[in-house]
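Single-structure report; data block below.
Residue numbers begin at 1 in each chain, while the letters A, B, ... track the order of the sequences.
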Amino acid sequence: MNKIDRIWPSDAVGKVPYWVYSDPEVYAAELERIWYGPHWLYCALEAEIPEVGDFKTTTLGERPVVVVRSAPDEVSVLENRCAHRGVKFCQARKGHVKDLLCPYHQWNYSLRGDLQGVAFRRGVRGQGGMPADFDPKTISLRKLRVEVANGVVWATFSDETPPFRAYLGERFWQHYTRVYDGRKLAILGYNRQHIPGNWKLMQENIKDPYHASLLHVFFVTFGLFRADQKSATEIDPTGRHGILISRAGRQEINDVTSGMRTFRSDITLSDPRIMDVVREFPGEDTVGMITVFPSVVLQQNQNSLSIRHIVPTGPDGFDFHWTHWCYADDTPEMRLRRTRQANLFGPAGFVSADDSEIIEMGQQGFAHSPDEAGIVLMGGREIESVDHMVTEVGIRGMYRYWREAMGL
Amino acid sequence: MNKIDRIWPSDAVGKVPYWVYSDPEVYAAELERIWYGPHWLYCALEAEIPEVGDFKTTTLGERPVVVVRSAPDEVSVLENRCAHRGVKFCQARKGHVKDLLCPYHQWNYSLRGDLQGVAFRRGVRGQGGMPADFDPKTISLRKLRVEVANGVVWATFSDETPPFRAYLGERFWQHYTRVYDGRKLAILGYNRQHIPGNWKLMQENIKDPYHASLLHVFFVTFGLFRADQKSATEIDPTGRHGILISRAGRQEINDVTSGMRTFRSDITLSDPRIMDVVREFPGEDTVGMITVFPSVVLQQNQNSLSIRHIVPTGPDGFDFHWTHWCYADDTPEMRLRRTRQANLFGPAGFVSADDSEIIEMGQQGFAHSPDEAGIVLMGGREIESVDHMVTEVGIRGMYRYWREAMGL
Amino acid sequence: MNKIDRIWPSDAVGKVPYWVYSDPEVYAAELERIWYGPHWLYCALEAEIPEVGDFKTTTLGERPVVVVRSAPDEVSVLENRCAHRGVKFCQARKGHVKDLLCPYHQWNYSLRGDLQGVAFRRGVRGQGGMPADFDPKTISLRKLRVEVANGVVWATFSDETPPFRAYLGERFWQHYTRVYDGRKLAILGYNRQHIPGNWKLMQENIKDPYHASLLHVFFVTFGLFRADQKSATEIDPTGRHGILISRAGRQEINDVTSGMRTFRSDITLSDPRIMDVVREFPGEDTVGMITVFPSVVLQQNQNSLSIRHIVPTGPDGFDFHWTHWCYADDTPEMRLRRTRQANLFGPAGFVSADDSEIIEMGQQGFAHSPDEAGIVLMGGREIESVDHMVTEVGIRGMYRYWREAMGL
Amino acid sequence: MIDRDALRDFYDDYYITLDDVRLDDWPAFFTEDCIYRVIPRENYEAGYTLSTIYAESRGMLVDRVMGVTRTQMYAPRYYRRFPGPLRIVSRDGDSVRTRHNLLVVQTLIDRKSEIVLSAVCHDVLVPDDGRNRLRERIVVFDSEMIPNSLIYPA
Amino acid sequence: MIDRDALRDFYDDYYITLDDVRLDDWPAFFTEDCIYRVIPRENYEAGYTLSTIYAESRGMLVDRVMGVTRTQMYAPRYYRRFPGPLRIVSRDGDSVRTRHNLLVVQTLIDRKSEIVLSAVCHDVLVPDDGRNRLRERIVVFDSEMIPNSLIYPA
Amino acid sequence: MIDRDALRDFYDDYYITLDDVRLDDWPAFFTEDCIYRVIPRENYEAGYTLSTIYAESRGMLVDRVMGVTRTQMYAPRYYRRFPGPLRIVSRDGDSVRTRHNLLVVQTLIDRKSEIVLSAVCHDVLVPDDGRNRLRERIVVFDSEMIPNSLIYPA
Ligand code: FES
Ligand code: FES
Ligand code: FES
Ligand SMILES: [Fe+3]
Ligand SMILES: [Fe+3]
Ligand SMILES: [Fe+3]
């Protein structure tokens, strides 16, 4: 890989240079050091592959993989690249198989990725075949390390990655298990969109509570997420993970909202069922948005639960896959409630469309000024958790970690 | 920026190597040294933003900017990139605002680009906010130097750029003011097309009267621009600017036209109103096509007036924005005449479509032969103004200057 | 050109690293050293340009050329790039001309590419014109070396390329002349598709008989090409060219087919006319698929005859142009038979669509793992012709030659 | 009974209203208790309820319009809708079930026009105080990867 | 009165004539004193008169054809037109005002097919010595950035 | 005689059958001795017989379906067909010759929707034991460079 000759600004904590979003060399290094490095990447929900032989295909970083239930209590994550001549042999999004078969020459793999059949290995009628020193036992699909944590499948390309719970850290393990509490999950459905902006902008967006009170008129007006509400912005010790916590308020004019351009006291809902929220988690908090670096956002917003998967496609864009889910034992009413609240999220979401648009507008703004830098001073230069949302600490934390991981 | 290891041909004046049109390193250097260097770039017509608060967005080189009337007699040109985290905050083509507001966190700027409002700067209920050393007065949108010359708004990224009149030079200031004479202008409308060829090919095209008599059957046949007519090809002392001057003739067979493949004596117009030209400028000349390096073509062709704005999008293409205009006090008849004559120009122009097509065909021809070179010897090797159109002097002049500016 | 710092795997013959398919530097070197180097490239069938003045445009590597009959017994292949300023002057696929004229400034070339007319060379009415030292006789379109071999037009950019027959080698000249036997050819028609995979994958595909018995259910089931049939896989002494020879069998269950996942004993054709094959070539062989490195596949499969032309468009894709042909003296029945059998081939071919899909799936699989390698050990490590199809020798041979040619 | 001419006129009005971005007039094309969804084909075929846009009443459509016009932030764009031939699937009393394909083409500033949705619409129309209205409209779109946001309704 | 069948036949003829590039037959679809414009939506909505193609008479359409066939230089290409449902907007005496969307797809040599125009057509038809003709046709296109040239009429 | 309503219903059925990938039902839209071809415009205009898909009988269409469903290997994809207005070209006895444009839009997994074919269809329909069928269908496509494979019929 070419050497990266970029200099970080002198205000190391308060500024983020724009070349991090557009430099192809930096992006190539991110794939190696972050995506294929010591980090856990989101793969799937167990609910998507309940039976042995059920599989799902997805992409980690830029590499296609197959996520398959290889035993009742085992999930295997294998590179979707045949060991023979590299074909992405599995093309379906989902399915059920007995074994993994590459169509080109029918090399055949067990659900664990071990090569178990090589067509014509012994030749045909004494002709051809593989040489004596060819040993199928030494060949397999590339297998990733896998952990299944309360219904969610995680994988990593690296041997150095700590166990998933340690990767999150105790505090974030608590946040994680608040929603992923071991109950069986079920799929509500998917949304998929391509966002033409650097992948880190999505991580920033969900680590940035500062914008929520200002960009999202819907949130602000109906008090779903607003600066005057009890809230917290936490990061893990490394700074790479974050969570935004908040407690819903009302559509009220007060000392804070009165000063907000985005607060609309005159807007009302003709059918307020979208705001029909029920409390289902311990505590008063109504929003818990977790960013697990680098690949995913875990959304709990009112009763809407989703996993938002980031698949980078270059320095200037990423595919964004939304998996909305519910608990397997949800009542029909609860499923309907979650489906209804999903109107706030996704490519047409009352709130999320603001974010996907702003990310594109960000890339448009700085793509041609790589040597300028953004300012992340809200809440000062501290890098530690705080009990409010008037801060950019989550972003400062992520870049402190990013520089370590990237050696920049 | 990587060093460019390209060698110019030995016939320094008579040849132009094809790598100037396709090498990404060369293109990157052009952005820095030419587009963001000591050159005036076309922004807008004052007529597009008559009132204080009126704005227009456009792109200079590859950078988005906002062109806004910041005072009755002042136009500001500001990078469309929020000082906070770089968002291209202004997305509309045109509009009217009281201030410039970024939607992401509502940082607020005066029409001059000064930061005048930072949401939650003091925090919310004592929490968060910007640190003590944060001084909004030191922060603004990037402001470009601006000059308004007889209704046309120009801007430059560089402090070294001489005043606009000096940039043109006296002689070209005269050419410029022949049409931009201080009268109030009005907008007739726009055309926009993407031309898949290097941006310099458009500058060359309008600096090249040699082709006009040969490529453009319409011009030739109806005598609008033809080699047998009185004409001139002028360049400024630096060689970067040029003008083609010509005097319309008739559809006549003579010593010159008789030898022209493109002269069609048998073609007639069923409705000749498109040729209903009136004389409106001092002197006999009917065509004055000015190229102001690097960003624009100023068209006066018969009664059709337009500004053709070049926005490069890479080594192999550019967006081409046409602004057709008239004088504010034009009669309805005159506006109609200009609208009618516009059929010669633009993406569907009887004449201009030949040029946009030929530019694409040029890029297709040499893109894969960067080490070959084109020949620009028509009219010899001289680089000085001449009183005819059988020359490529304008191109020779541009590349003499381009090599200086690029240090190549 | 930048230096390529890639290391070939230690198992030099048995493995092919994936960077050969995706590295832009490698691709750039391939254009220079292979496509524009000492190799014959397919241009056209003489039948496409029977009369003097008939021309066809095509692309060799990435360079556009004009293939024109410049004399009753002479075909000229000229770069489609005007010597003046590089315009791809000829835009039609096919046509008939008296001379070659560039529309931009009407420089005019003979059918052999010699510059024979420069508009306004002597100026107009004593003004302008070309300088004294301008000598048209020294200027021409770039002319390629051309050979016409039994109705097929070949060209090369290099002076070192041996004569075409020597380039093929005696053995392959015999294979070539088995079908291209000197009889007059006629055009049946074209198919054109863009395949998003590296160009070498197509060469590999047709040098790889191993896959045919496994991927192509249609071939296998109806016995058109199957491992239990008499066959041969030959390469030329350099390893760059290859041929797959086979003798059709029947839809029978035997020791081999019984073990084939892709053999479907239950499938029958409702209208078997597609299998109505007649023997027309000497010998028993029913299939002869020749790969002439690097640009073309010569197909003789049953009675279906085509030339498949590879036009690379970058490391990750190529345009694939199919020219189906017949003998000029074919009966209407025979033409119909060939047209009918063409259903097996092309973008919608019962068989070929499998291949174009598998090539895309290959690129998808390894594009993001350049440092991994594919295995080509079927049939051992030998690199010599064999009389069966259970081998990857053709691929091993091609890469042995490719490394020589590339100096890697 | 809603005859072919009435259906033709209904859809002409419907699509012209949207193409002209007269969003405030849009909810009136639906019954008070309508079901409206824009849903990925993937979800629809799997029986998943999750929709990209989902409404259970005319009121929710009014709220959707409020969102697009009052609360959401997005880059300016044009949508243009190209409906295919209309199929009458079945009639049940005075209601009629129809189906047609829909291509939605979007254009953003300085960009070429592009396909944003390739979809099929499954509708149910009924006479409803004096005019015809949609009691149900399910827009099932093939498009696997939406070019960023979906702003206007289909 | 020009009824629906007559309109259908008129537009079938009109678009087939253009798709088949029988340009010489095209001006006859217009009245002698017709207005024809192909105009960017941006100009149309701003009230700007500038059009990408502008004609004030059948003669100017004849001249446009002359340009395309005799004087202009351009790479070969195919255009194919996909008109949407036809809306009858109003009738005034024997003239009828119609509206429909139009998608124009172009294909250049060795390239994939692409959208060149996404537009809406505002037409006025009248009976004119023995046949129906366009007295006015305004093609308002969304497309913000034309892929190089616009050669053939819409 | 096959009237307009019958034609409309025929093509509605035809395209819905293909859009819904009910391929086994597709051959029945053709007569036993039908001619079906999907052919590049380039070949068609040059008089070349070579077609991208070619069938001389309903049996060959059945075999084509067998290929797509039983023998071929390809990545999953959606096709959606957008036919343009139908033109009745001529009638000959009880057969009718029609023509219409056809836009085929494809969507692959994780990709944006794209045009796969921009074409014109020249058809001949006849009544054939109790229903209408295609005796001939020639799909002439402009598309110069197919995005890899053409899997499903048009
Ligand atoms: S590439 Fe998979 S079996 Fe050969
Ligand atoms: S990016 Fe503009 S206010 Fe934050
Ligand atoms: S470029 Fe060909 S004549 Fe000038
Ligand atoms: Fe947000
Ligand atoms: Fe010109
Ligand atoms: Fe094959």
Side-chain angles (χ1 to χ4, degrees), chain B residues 93-94 186-197 215-222 262 264 266-274 306 317 319-326 335-336 338-361 364, chain E residues 27 30 32-77 108-111 114 116-117 139 141-154:
Chain B
R93 268 203 196 287
K94 286 184 180 181
I187 304 300
L188 272 182
Y190 305 94
N191 264 319
R192 306 179 195 275
Q193 65 189 129
H194 179 79
I195 301 181
L215 172 61
H216 300 306
V217 176
F218 197 97
F219 267 170
V220 170
T221 299
F222 301 116
T262 36
R264 307 241 190 286
D266 62 323
I267 289 182
T268 57
L269 289 169
S270 301
D271 185 334
R273 280 179 288 175
I274 195 173
S306 82
D319 291 344
F320 202 44
H321 299 267
W322 300 66
T323 304
H324 283 261
W325 57 272
C326 62
R335 284 179 184 241
L336 174 58
R338 302 194 199 276
T339 300
R340 189 185 287 141
Q341 290 181 18
N343 276 295
L344 273 68
F345 310 105
F350 285 124
V351 167
S352 296
D354 298 342
D355 291 319
S356 47
E357 287 289 300
I358 209 75
I359 285 172
E360 178 170 9
M361 289 160 63
Q364 291 171 343
Chain E
F30 294 81
E32 181 53 52
D33 62 346
C34 65
I35 290 292
Y36 174 82
R37 37 183 36 162
V38 179
I39 184 170
R41 180 167 174 174
E42 171 185 15
N43 291 353
Y44 185 76
E45 293 183 345
Y48 295 140
T49 59
L50 187 85
S51 306
T52 306
I53 302 178
Y54 178 66
E56 298 152 277
S57 70
R58 186 191 294 156
M60 286 192 186
L61 297 179
V62 171
D63 295 335
R64 174 60 61 169
V65 171
M66 178 275 291
V68 172
T69 55
R70 304 281 322 272
T71 80
Q72 290 181 238
M73 192 288 305
Y74 48 89
R77 70 201 60 207
L108 280 86
I109 286 180
D110 286 350
R111 308 242 205 112
E114 63 179 342
V116 60
L117 288 183
V139 180
F141 62 87
D142 297 342
S143 311
E144 278 281 314
M145 195 55 62
I146 289 178
N148 207 358
S149 309
L150 185 70
I151 300 300
Y152 298 111

Between E:Tyr48, E:Tyr74, E:Tyr152, which shows the greatest number of heavy-atom pairs under 4.5 Å with chain B?
-> E:Tyr48
When rounded to the nearest 0.5 angstrom, what is the spacing between CG in E:Asn148 and CD1 in B:Ile359?
-> 8.0 Å
Please report the C-alpha distance between B:Leu215 and E:Met73 in whole Å, then the side-chain angles of each, then the deciding distance to 0.1 Å, and finally whether the side-chain contact (heavy atoms from CB on, under 4.5 Å) criterion is met.
-> CA-CA 8 Å; B:Leu215 172 61; E:Met73 192 288 305; 4.0 Å; yes
B:Ser306 meets the side-chain hydrogen bond (donor to acceptor under 3.5 Å, both in side chains) criterion, sequence neighbours left out, with B:Gln299
Top contributor to chain E contacts, counting heavy-atom pairs under 4.5 Å, from B:Ala348, B:Pro272, B:Ala342 | B:Ala348
Min side-chain heavy-atom separation B:Leu336-E:Tyr54 under 4.5 Å = yes
Which value, rounded to the nearest 0.5 Å, describes the distance between B:Trp325 atom CH2 and E:Leu50 atom CG?
-> 13.5 Å
Interface moiety of B:His321 toward chain E, non-hydrogen atoms closer than 4.5 Å | side chain
Donor-acceptor contact present, side-chain B:Asp354 to main-chain E:Gln72, <3.5 Å = no
With a 4.5 angstrom heavy-atom cut-off, which part of E:Ser143 approaches chain B: side chain, backbone, both or neither?
-> neither
State whether the side chain of E:Asp63 and the backbone N or O of B:Asp271 hold a donor-acceptor pair below 3.5 Å, judged by distance alone.
-> yes
Please flag which part of B:Gln364 lies under 4.5 Å from any non-hydrogen atom of chain E: side chain, backbone, both or neither.
-> side chain
Interface residue of largest heavy-atom contact number with chain E, from B:Ala353, B:Gly346, B:Gly349, under 4.5 Å | B:Ala353
Chain E heavy atoms under 4.5 Å from B:Leu269: which part of the residue, side chain, backbone, both or neither?
-> both
Ion pair present between E:Glu45 and B:Arg93, side-chain N to carboxylate O less than 4.0 angstrom?
-> no
With chain E, which of B:Asn191, B:Ile358, B:Ile195, B:Ile274 has the greatest number of heavy-atom pairs at distances under 4.5 Å?
-> B:Asn191
Side chain to side chain, E:Thr49 and B:Arg335, heavy atoms closer than 4.5 Å = no
Heavy-atom pairs under 4.5 Å with chain B, option from E:Arg64, E:Glu144, E:Met66 with the top count | E:Arg64
Rounded to the nearest 0.5 Å, the OG atom of E:Ser57 sits from the CZ atom of B:Arg273 at a distance of 5.0 Å
Which portion of B:Arg340 sits near chain E, non-hydrogen atoms under 4.5 angstrom = both
Would you mind telling me which of B:Val220, B:Asp355, B:Val217 has the largest number of heavy-atom pairs within less than 4.5 Å of chain E?
-> B:Val217
Evaluate the side-chain contact (heavy atoms from CB on, under 4.5 Å) criterion for residues B:Thr221 and E:Thr71: first the C-alpha distance (whole Å), next the side-chain angles of each, then the deciding distance (0.1 Å), finally the verdict.
-> CA-CA 9 Å; B:Thr221 299; E:Thr71 80; 5.6 Å; no
Under 3.5 Å, side chain of B:Glu357 to main-chain N/O of E:Ala75, donor-acceptor pair present?
-> yes
Distance col, row B:Ile187:CD1 vs E:Asn43:CG, nearest 0.5 angstrom, shows 10.0 Å
Taking all atoms of both residues into account, what is the closest heavy-atom pair of E:Ser149 and B:Ser356, and its distance?
-> OG-OG, 3.1 Å
Applying side-chain contact (heavy atoms from CB on, under 4.5 Å), run through E:Leu150 and B:Gln193 and close with a yes or a no.
-> CA-CA 9 Å; E:Leu150 185 70; B:Gln193 65 189 129; over 6 Å; no
Could you list the residues that satisfy side-chain hydrogen bond (donor to acceptor under 3.5 Å, both in side chains) with B:Asp319, not counting sequence neighbours?
-> B:His194
Under the salt bridge (charged side-chain N to carboxylate O under 4.0 Å, His left out) rule, what do E:Arg77 and B:Glu360 come out as? Steps first, then yes or no, please.
-> CA-CA 14 Å; E:Arg77 70 201 60 207; B:Glu360 178 170 9; 5.7 Å; no
Identify the two heavy atoms, one from B:Tyr190 and one from E:Pro40, that lie closest to each other, and give their separation to 0.1 Å.
-> O-CG, 3.5 Å
